[in-house]
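Step one of this worksheet: look at the structure below.
First the proteins, then the strands, lettered A, B, ... as listed; each starts at 1. Worth knowing before you read on, the calculation uses all heavy atoms, side chains too, and leaves out hydrogens, waters and symmetry mates.
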2 protein chains.
Amino acid sequence: MSAIALQSKTFTIAEVADKTGVSAHTLRYYERIGLLDVGRHTSGHRRFTGQDIDRVVFIGRLRSTAMPIREIQRYFALVAEGPTTEDERLCLLQAHRVGVRTRLRELELALDAIEHKIARYGGSCAP
Amino acid sequence: MSAIALQSKTFTIAEVADKTGVSAHTLRYYERIGLLDVGRHTSGHRRFTGQDIDRVVFIGRLRSTAMPIREIQRYFALVAEGPTTEDERLCLLQAHRVGVRTRLRELELALDAIEHKIARYGGSCAP
DNA sequence: CCTTGACTTAGAGTGCGCTCGAAGTTTTAG
DNA sequence: CTAAAACTTCGAGCGCACTCTAAGTCAAGG
């Protein structure tokens with residue numbers, strides 16, 4: 001009886017675009033370049049699983065922290081290679097984290113400088 | 001006697017590139033698109049003043065906080081129009097500041113999410 | 001004086017990350 | 001059954017911010 005309800009729910013590309021804010025065009029693009037590997041209905045239409053959506057969200061986080069597409073490709077290539085690559089993936093993410101932290105600090109510094117300029121008055125060109 | 005030492009020191013494009021970390025190519029590009037207005041020696045070679053360098057540094061701060069070139073062009077067009085535009089410039093910088101603060105927060109959130117993933121382990125694709 | 005290297009301009013080329021268009025199939029609403 | 005909307009692939013196009021090339025001029029050291 002209690003056959004597990006696998007095959008749970010899947011979503012069309014439009015639904016995923018809607019849920020994630022990533023356009024259908026971009027989702028297809030991500031698949032083309034190897035960031036996603038989405039299953040198909042018999043018709044050929046994509047069927048996104050919950051996992052696929054999680055991955056889209058994760059890609060969004062990497063992109064919003066300015067990880068280059070190349071590196072994201074590398075990351076998911078490692079994922080595709082299986083669990084033996086976990087160390088390397090971890091390493092990649094940690095390196096990224098360091099970079100992001102650095103940029104965060106630089107951003108704060110530049111913002112401070114701009115705010116000083118704002119405070120001192122709106123114009124001219126003194127630093 | 002105490003004639004003020006105006007005409008103080010000027011710098012070649014290579015010196016400015018060196019001081020600021022902005023390439024000579026990029027400095028010429030910035031001038032072309034109206035971000036800089038650099039004087040010339042009789043030979044035609046650019047002579048950067050201290051003010052010019054300050055401006056280059058300020059452009060760097062705006063760029064490093066991802067202000068689009070278009071907006072920087074707008075800013076310096078206002079500067080060129082004179083002091084009557086100070087309010088508008090201030091407004092532009094303040095709007096930018098708000099944007100940067102927002103991005104800063106988003107960046108921190110995305111970084112948190114990535115760090116959670118790192119903490120939980122290196123791989124898989126759960127969010 | 002002569003060479004070496006830095007400078008000039010105008011315009012073309014590059015890399016990134018999408019974004020769009022065309023032509024055709026499939027699904028869905030009426 | 002039909003029309004409209006949504007999907008497919010493939011390839012081309014775009015906007016941004018540089019970055020480089022070519023062809024020529026200028027400047028400083030030996």
Side-chain angles (χ1 to χ4, degrees), chain A residues 9-49 52-53 55-76 96 99 103 110, chain B residues 9-49 52-53 55-77 96 99 103 106 110:
Chain A
K9 189 160 167 34
T10 61
F11 304 87
T12 67
I13 196 167
E15 289 167 335
V16 177
D18 206 54
K19 273 180 197 291
T20 63
V22 178
S23 79
H25 278 307
T26 300
L27 290 169
R28 290 191 200 101
Y29 165 69
Y30 282 171
E31 189 191 56
R32 258 194 300 185
I33 65 172
L35 305 191
L36 298 172
D37 184 17
V38 185
R40 300 296 148 113
H41 189 260
T42 47
S43 66
H45 290 193
R46 289 171 183 80
R47 300 303 316 184
F48 287 74
T49 65
D52 291 332
I53 292 176
R55 184 183 283 213
V56 171
V57 171
F58 184 56
I59 292 169
R61 295 210 217 288
L62 296 178
R63 286 295 308 130
S64 81
T65 51
M67 183 183 283
I69 291 281
R70 291 277 167 140
E71 218 167 317
I72 304 180
Q73 284 177 317
R74 169 118 193 84
Y75 181 83
F76 287 114
H96 180 59
R103 282 197 310 107
Chain B
K9 188 160 167 37
T10 60
F11 305 86
T12 66
I13 195 167
E15 288 168 335
V16 177
D18 206 52
K19 273 180 197 290
T20 62
V22 178
S23 78
H25 279 308
T26 300
L27 289 169
R28 291 192 199 99
Y29 165 70
Y30 282 171
E31 189 191 55
R32 258 195 299 187
I33 66 171
L35 305 191
L36 298 171
D37 184 16
V38 185
R40 299 297 149 109
H41 190 261
T42 46
S43 67
H45 290 193
R46 288 171 183 80
R47 300 300 321 183
F48 287 75
T49 65
D52 290 332
I53 293 176
R55 186 184 281 213
V56 171
V57 171
F58 184 56
I59 292 169
R61 295 209 217 288
L62 296 178
R63 286 295 306 130
S64 80
T65 51
M67 183 184 282
I69 291 281
R70 292 277 166 139
E71 217 167 318
I72 304 180
Q73 284 176 318
R74 170 118 191 87
Y75 180 84
F76 287 113
H96 180 58
R103 281 197 311 109
E106 288 168 357

Practice problem: Please test H96(A) against Y75(A) for side chain to side chain contact (heavy atoms under 4.5 Å, CB included), starting from the C-alpha separation and ending with a verdict. | Solution: CA-CA 11 Å; H96(A) 180 59; Y75(A) 181 83; over 6 Å; no
Quiz item: Of all residues at least two apart in sequence or in a different chain, which pass the side-chain contact (heavy atoms from CB on, under 4.5 Å) check with S64(A)?
Solution: A110(B)
Quiz item: Which parts of nucleotides 25-30 of chain D does protein reach within less than 4.0 Å, heavy atoms only, written one letter per nucleotide 5' to 3' as B for base, S for sugar-phosphate only and - for none?
Solution: -SS---
Practice problem: Could you tell me which residues satisfy side-chain contact (heavy atoms from CB on, under 4.5 Å) with E106(B), sequence neighbours excluded, listed by chain and number? | Solution: T102(B), R103(B)
Quiz item: For R70(B), which residues count as a salt bridge (Lys or Arg N to Asp or Glu O under 4.0 Å) partner, sequence neighbours excluded?
Solution: none
Practice problem: Considering only heavy atoms of chain B and a distance under 4.0 Å, specify the first and last nucleotide of DNA chain C in 5' to 3' order that meet this criterion. | Solution: dC7(C) to dG11(C)
Quiz item: For residues 28-39 of chain A, which residues have at least one heavy atom under 4.0 Å from DNA chain C?
Solution: Y29(A), Y30(A), R32(A)
Quiz item: What residue pairs, at least two apart or across chains, pass salt bridge (charged side-chain N to carboxylate O under 4.0 Å, His left out) with a residue in residues 10-23 of chain A?
Solution: none
Quiz prompt | Polar side chain donor-acceptor pair, H41(B) to S43(B), under 3.5 angstrom | solution = yes
Quiz prompt | Pairs touching residues 20-30 of chain A that satisfy salt bridge (charged side-chain N to carboxylate O under 4.0 Å, His left out), sequence neighbours left out | solution = none
Quiz item: Using Watson-Crick and G-U wobble pairs with both distances under 3.5 Å, what is the 5'-to-3' dot-bracket string of DNA chain D, with [ ] for crossing pairs and | for pairs outside the strand?
Solution: ||||||||||||||||||||||||||||||
Exercise. Output all residues satisfying side chain to side chain donor-acceptor pair (under 3.5 Å) with R47(B), sequence neighbours left out; order by chain, then residue number.
Key: T10(B)
Quiz prompt | Value rounded to 0.5 Å, distance of CG in L35(A) from OH in Y29(A) | solution = 7.5 Å
Quiz item: Taking only residues two or more places apart in sequence, or in another chain, which ones meet R32(B) in a salt bridge (Lys or Arg N to Asp or Glu O under 4.0 Å)?
Solution: none
Quiz prompt | Under the salt bridge (Lys or Arg N to Asp or Glu O under 4.0 Å) test, residues paired with E71(B) that sit two or more places apart | solution = none
Exercise. Drop me the distance from F48(A)'s CZ to T20(A)'s OG1, to the nearest 0.5 angstrom.
Key: 8.5 Å
